[in-house]
Amino acid sequence: PQTTKPAIKAVLATGGHVEIQWKKLGFTGIRIEVDRGNGQWAFLAIDTEPHYQDTLTPAPGTAAVWKYRAIYLQGDQPFGQWSDVASVAVQG
């Protein structure tokens, strides 16, 4: 149904990277967007196999709260609703 939305979780992984954890549930993949603390959503990636690792890290000596959201893809088209926002504190 059109009310379907991915359940995502943002966790710190090795090297200070953020891992976006999600379940495929029969969909092609997800489109992930990120807000790196500036209040604007930006395209991050299309992921077709759980889980996704964000390879960017904050500049040394800085700290921020990064927010992530995702929407399922059916084929190459967005399907359903955006996920709830997952936030994680990061430090460079």
Visitor: Test: salt bridge (Lys or Arg N to Asp or Glu O under 4.0 Å). Region: residues 48-60. Which pairs qualify, not counting sequence neighbours?
Guide: K24-E49, R36-D54
Visitor: Going by the rule side chain to side chain contact (heavy atoms under 4.5 Å, CB included), which residues pair with A45 if we only count those two or more places apart in sequence or in a different chain?
Guide: Y52
Visitor: Do you know the tightest heavy-atom contact between G15 and T57?
Guide: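 It is O-CG2, 3.9 Å.
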Visitor: Looking at every heavy atom in both E33 and R69, which two are closest together, and how far apart are they?
Guide: OE1-NH2, 2.7 Å
Visitor: Taking only residues two or more places apart in sequence, or in another chain, which ones meet K9 in a salt bridge (charged side-chain N to carboxylate O under 4.0 Å, His left out)?
Guide: none
Visitor: If you compare all heavy atoms of V65 against all heavy atoms of S87, which two are closest, and at what distance to 0.1 Å?
Guide: CG1-CB, 4.0 Å
Visitor: Is any side-chain heavy atom of D47 closer than 4.5 Å to a side-chain heavy atom of I20?
Guide: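 A side-chain contact is absent here, since even the closest heavy-atom pair is not under 4.5 Å.
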Visitor: Quick one: which residue pairs count as a ring-ring contact (aromatic ring centres under 6.0 Å, His included) with a foot in residues 73-92, not counting sequence neighbours?
Guide: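 Pairs touching residues 73-92 that pass the test: F27-F79.
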Visitor: For E19, check salt bridge (charged side-chain N to carboxylate O under 4.0 Å, His left out) against everything at least two apart and list the hits.
Guide: none
Visitor: Any side-chain to backbone donor/acceptor pair from S83 onto A70? Under 3.5 Å, distance only.
Guide: yes
Visitor: Can you tell me if H51 uses its side chain to pair, donor with acceptor, with the backbone of W22 under 3.5 Å?
Guide: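 Flag set: sc H51 to bb W22 pair under 3.5 Å.
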Visitor: Is a side-chain donor or acceptor of Q2 paired with a backbone partner of Q81 at a separation under 3.5 angstrom?
Guide: no
Visitor: Between I46 and Y68, is there a shared hydrophobic cluster once you connect ILVMFWY residues whose side-chain heavy atoms come closer than 4.5 Å?
Guide: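 No, it is not one cluster - the side chains of I46 and Y68 are not joined through contacts under 4.5 Å.
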Visitor: According to salt bridge (charged side-chain N to carboxylate O under 4.0 Å, His left out), who are the partners of K23, at least two apart in sequence or on a separate chain?
Guide: none
Visitor: Starting at CD1 of I71, measure out to CD1 of I8 and round the result to the nearest 0.5 Å.
Guide: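 So the CD1 of I71 and the CD1 of I8 are separated by 11.5 Å.
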Visitor: Provide the closest heavy-atom pair for G75 versus T28 in the form atom of the first, atom of the second, distance.
Guide: N-OG1, 2.8 Å
Visitor: Give the cluster check for L44 versus L73: same hydrophobic cluster or not, with ILVMFWY residues linked at side-chain heavy-atom distances below 4.5 Å.
Guide: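 Result: no, two separate clusters.
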Visitor: Linking I/L/V/M/F/W/Y whenever their side-chain heavy atoms sit closer than 4.5 Å, directly or via other members, would F43 and V85 fall into one cluster?
Guide: no
Visitor: May I have the step-by-step check of side-chain contact (heavy atoms from CB on, under 4.5 Å) for L12 and V90, ending in yes or no?
Guide: CA-CA 8 Å; L12 284 178; V90 293; 4.0 Å; yes
